[in-house]
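Keep in mind it's a predicted model, so treat the numbers as computed, not measured.
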Amino acid sequence: MAPSLVRGMGSFFKNCRCTRQSRCPHPYAIRYRDATGRQREETGYTTQQDATDRLTRVYHEKRSTPDRQAANQREIGSQRFGAYAATWMTRQRHYTPGSVRTVNQVLKSQVLPVLESRRINTFTTTVVEDFIMSMEERSVGLAAQQNAFDALKKILLDAHRRGGISADPFVGVISPEYIPRKITIPTLDEIHALKANGSDELRVVIDLMHGCGLRNGEAYAANLERLVADDVYRVTEQIDGRTR
């Protein structure tokens, strides 16, 4: 006997054309409206009972969601990605200016041209995977792909946490993997050779990097104002590779 459903719970069905669907091996799919009023469809349920149990959980979750919370979720879900990303960025108060600049550059160059106008509540696993494939088709480098994916994931998971997206759109998604090239660390003899053949400025930079552990941008920004004691230098500045 087929499990019964009350009005508003949704429906279950099979997408196959088998004449006796109740006995064929194909999975059941379900269709329902979430708390934001958007129609959803899921598949992969082995039995009618599995499908009904899922519909029942969704139904009770929807009924237990307060009206004001549901309205807020609908408002978030209806926003365009570009607008939501902008407000999300203003809430990242812990980001340094360099981090803000980096994320904005990634969004501007890779994410927004493809996803800016898409509504938040339409993001699914398929949309995320299509975005990754679009970067591959545009021959975007793996490092840039990973940075774009990471930025997109932070924004969409924030929207998911706040109820704008009902299901996690990253479940089962394989992220781009950037494997950096192996770094060659110069030997002590090579460092001495570089200093012997370099300018006075290069020798100072080499000593700061090799002797103090500074990165190249920090070494080039070294100045007397950061000496807080005769033998203590406080690293608070660096040369930006783009703006100098």
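- In this structure Thr124 satisfies the side chain to side chain donor-acceptor pair (under 3.5 Å) test with no other residue, sequence neighbours excluded.
- Judged as a side-chain contact (heavy atoms from CB on, under 4.5 Å), and not counting sequence neighbours, the contacts of Leu224 are Leu227.
- Around CZ of Arg234, the count of heavy atoms belonging to other residues, nucleotides or ligands within 6.0 Å does not exceed 12.
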Enumerate, atom names and distances included, each donor-acceptor pair closer than 3.5 Å involving a side-chain atom of residues 106-120, sequence neighbours excluded.
{"from": "Ser109", "atom 1": "OG", "to": "Gln105", "atom 2": "O", "distance (Å)": "2.8"}
{"from": "Gln110", "atom 1": "OE1", "to": "Arg138", "atom 2": "NH1", "distance (Å)": "3.3"}
{"from": "Arg118", "atom 1": "NH1", "to": "Thr122", "atom 2": "O", "distance (Å)": "3.4"}
{"from": "Arg118", "atom 1": "NH1", "to": "Thr122", "atom 2": "OG1", "distance (Å)": "3.0"}
{"from": "Arg119", "atom 1": "NH1", "to": "Ser78", "atom 2": "O", "distance (Å)": "2.5"}

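- Checked against side chain to side chain donor-acceptor pair (under 3.5 Å), Arg161 has the following partners two or more places apart in sequence or in another chain: Asp158.
- Legend: ring pair (Phe, Tyr, Trp, His ring centres under 6.0 Å) pairs involving residues 84-135, not counting sequence neighbours, sorted by first then second residue: Phe81-Phe123.
- Residues that satisfy the side chain to side chain donor-acceptor pair (under 3.5 Å) test with Glu42, not counting sequence neighbours, are Tyr32, Tyr45, Arg54.
- Qualifying salt bridge (charged side-chain N to carboxylate O under 4.0 Å, His left out) partners for Arg20, counting only residues two or more places apart in sequence or in other chains: none.
- Residues in residues 184-210 take part in these salt bridge (charged side-chain N to carboxylate O under 4.0 Å, His left out) pairs, two or more places apart or across chains: Lys195-Asp207, Asp200-Arg203.
- Among pairs with a residue in residues 143-155, none fulfils side chain to side chain donor-acceptor pair (under 3.5 Å), at least two apart in sequence or across chains.
- Every residue meeting the ring-ring contact (aromatic ring centres under 6.0 Å, His included) condition with Phe170, not counting sequence neighbours, appears here in chain and number order: Phe149.
- Residue pairs meeting the side chain to side chain donor-acceptor pair (under 3.5 Å) criterion with at least one member in residues 221-230, sequence neighbours excluded: Asn223-Glu237, Arg226-Thr236, Arg226-Glu237.
- Ile174 forms part of no hydrophobic cluster, judged by ILVMFWY side-chain heavy-atom separations under 4.5 Å.
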